[in-house]
**Student:** 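One structure is given below, represented as structure tokens, and several questions about it will come after.
Every chain is numbered from 1, with letters handed out A, B, ... down the list of sequences. It should be emphasised that the depicted structure is a prediction, and the values quoted were computed from it without experimental measurement.
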Amino acid sequence: MPEGHTIHRYARKHWDDLGGQKIATSSPQGRFSSGAARLDGRTLTAIKAHGKHLFYRWEGGETLHIHLGLFGRFRRHTIPANEADLPPPSDGTRLVMTGEDVTIYLSGPTICRLVDPDTEASVRSRLGPDPLDDDSEIQKLKEFQANLARRSIPIGAALLDQKVTAGIGNVYRAEALFLAGIDPQIPAKDLSSESAVQLWSLSTELLRRGERAGRIITVDPTDVGAKRRSDLKKRERLYVYKRQGEPCRRCGTPISMSDMANRHIWWCSSCQPAGSGA
DNA sequence: GCTGCATGATGAA
DNA sequence: TCATCCTGCAGCA
């Protein structure tokens with residue numbers, strides 16, 4: 001499920017599977033038929049992730065722009081010796097990309113379209129700094145802080161705004177604010193410099209860990225009596241997300257929930273007391 | 001089988 | 001603030 005860590009992971013894995021190869025493309029569902037027909041047989045020259053957006057660049061200069069939204073997903077199959085053993089794409093499969101050894105099915109994306117390099121650049125220019133991007137850490141942090149300083153919306157809403165920072169979604173916003181001890185309600189511009197720095201470095205650390213592990217794990221194993229992160233059971237991997245009413249793993253206070261920026265948000269009212277982070 | 005919900009984002013009102 | 005688009009699956013009957 002797609003926050004930035006998943007997207008960067010896809011970019012890397014899809015490049016390993018398909019990079020530099022001539023790719024056969026099709027759209028069983030039909031909604032991307034013309035785009036798939038244009039790409040069919042072309043060589044994939046690069047894959048770039050920015051926040052939750054994916055950009056597949058092809059010989060000939062065009063870019064395939066994909067955004068998974070809430071429902072989009074990729075399915076990957078190694079092509080079996082007998083091609084009849086390959087599970088067929090479902091009727092809803094928007095795009096099939098087949099390389100030498102691997103085929104990828106895409107379903108449910110919010111965006112799947114061909115764009116020119118200028119459009120790719122303009123999409124990216126509207127996104128805030130991505131903690132998983134290779135750009136300079138100092139530069140990204142400065143941009144993040146400047147973006148916060150310009151907003152009076154609550155920090156919990158600002159973190160979901162991809163113009164502020166790109167890649168954080170509803171799980172990471174709740175978990176990062178908990179770990180940083182920040183009240184989700186405080187205005188973004190009121191965040192102290194220390195809290196902003198901490199929030200950025202936590203976001204980076206958590207997203208990196210998520211990309212590596214292939215799942216979101218924010219809990220320090222000692223907080224749940226485990227030795228290693230890999231030992232954590234599914235229900236133990238997060239501090240606050242979807243845990244309303246359950247005891248805080250740090251202090252035992254029941255976790256709170258409310259709505260912010262059209263999504264549920266969870267927090268601990270003792271670890272993140274009103275006004276904390278300012 | 002049906003219902004509701006979900007790790008997202010936009011555009012209208 | 002709401003309605004809408006995108007799809008799958010858990011939880012229920």
**Student:** Between Asp130(A) and His8(A), do the side chains contain a donor N or O and an acceptor N or O under 3.5 Å apart?
**Tutor:**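 On atom types as modelled, these side chains qualify, holding a pair under 3.5 Å.
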**Student:** Within a 6.0 Å radius of atom NZ on Lys48(A), are there more than 12 heavy atoms belonging to other residues, nucleotides or ligands?
**Tutor:**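 Above 12, so yes.
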**Student:** Between the side chains of Thr63(A) and Glu120(A), does any donor sit under 3.5 Å from an acceptor?
**Tutor:**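 Side-chain D/A pair, Thr63(A) to Glu120(A): present.
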**Student:** In whole Å, what separates the P atom of dC5(C) from that of dA13(B)?
**Tutor:**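 Pairwise P distance, dC5(C) against dA13(B), rounds to 14 Å.
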**Student:** Which letters describe nucleotides 7-13 of chain B, given B = protein heavy atom under 4.0 Å from base, S = only from sugar-phosphate, - = neither?
**Tutor:** BBS----
**Student:** Indicate, with a heavy-atom threshold strictly under 4.0 Å, whether Arg31(A) touches base, sugar-phosphate, or nothing.
**Tutor:**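 The answer is sugar-phosphate, as Arg31(A) gets under 4.0 Å only of primed atoms, P, OP1 or OP2.
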**Student:** Rounded to whole Å, please give me the gap between CD1 in Ile265(A) and P in dA6(B).
**Tutor:**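 Spelled out: CD1 on Ile265(A) to P on dA6(B) is 14 Å.
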**Student:** Taking dG8(C) as the reference, what is the distance to dT10(B) when you measure between their P atoms (whole Å, please)?
**Tutor:**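 Straight-line distance between the two P atoms is 22 Å.
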**Student:** Which whole number of Å gives the distance between the P atom of dA3(C) and that of dG4(B)?
**Tutor:**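 Those two atoms are separated by 15 Å.
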**Student:** If only side-chain N and O atoms of Gln29(A) are considered, is one of them under 4.0 Å from the OP1 or OP2 phosphate oxygen of dC6(C)?
**Tutor:**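 Checking Gln29(A) against dC6(C): no side-chain N or O falls below 4.0 Å of OP1 or OP2.
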**Student:** Near Arg12(A) CZ, under 6.0 Å, is it more than 12 heavy atoms from other residues, nucleotides or ligands?
**Tutor:**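 Buried by this count: over 12 neighbours within 6.0 Å.
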**Student:** Would you say that more than 12 heavy atoms from the other residues, nucleotides or ligands in this model lie under 6.0 Å from the CZ of Arg229(A), or not?
**Tutor:**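 For Arg229(A), atom CZ is crowded (more than 12 foreign heavy atoms under 6.0 Å).
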**Student:** Rounded to whole Å, please give me the gap between CD1 in Ile66(A) and P in dT7(C).
**Tutor:**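 Taking atom P of dT7(C) as the reference, CD1 of Ile66(A) is at 14 Å.
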**Student:** Pick the C1' atom in dA9(B) and in dC9(C), then give their distance to the nearest Å.
**Tutor:**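 Their C1' atoms lie roughly 22 Å apart.
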**Student:** Given dC6(C), is OP1 or OP2 found less than 4.0 Å from the side-chain N or O atoms of Ser107(A)?
**Tutor:**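 No, outside the criterion.
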**Student:** Say whether Ser122(A) and Arg126(A), considering side chains only, have a donor N or O and an acceptor N or O under 3.5 Å apart.
**Tutor:**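 Judged by distance alone, the side chains do pair up.
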**Student:** To the nearest Å, how far apart are Phe74(A) CZ and dT7(C) C1'?
**Tutor:**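 Distance check: Phe74(A) CZ to dT7(C) C1' gives 14 Å.
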**Student:** Can a side chain N or O of Arg73(A) be found less than 4.0 Å away from OP1 or OP2 on dC9(C)?
**Tutor:**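 Checking dC9(C) against Arg73(A), a side-chain N or O does come within under 4.0 Å of OP1 or OP2.
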**Student:** Just to be sure I understand the rule, does Arg215(A) reach a base, reach only the sugar-phosphate, or reach nothing, if contact means heavy atoms closer than 4.0 Å?
**Tutor:**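 Since no nucleic acid heavy atom lies under 4.0 Å of Arg215(A), the category is nothing.
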**Student:** Below 30° counts as parallel, above 60° as perpendicular, anything between as tilted: where do the rings of Phe144(A) and Trp200(A) land?
**Tutor:**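 Plane angle between 30° and 60°, so tilted.
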**Student:** Any strand is fair game: report the nucleotide pairing with dT7(B) by Watson-Crick or G-U wobble, both distances under 3.5 Å, or none.
**Tutor:**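 The answer is none; no pair meets the criterion.
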**Student:** Looking at Arg75(A), does any N or O in its side chain come under 4.0 Å of the phosphate oxygens OP1/OP2 on dG8(C)?
**Tutor:**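 Checking dG8(C) against Arg75(A), a side-chain N or O does come within under 4.0 Å of OP1 or OP2.
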**Student:** How many whole angstroms separate atom NE2 of His65(A) from atom P of dC6(C)?
**Tutor:**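 The answer, rounded to whole Å, is 17 Å.
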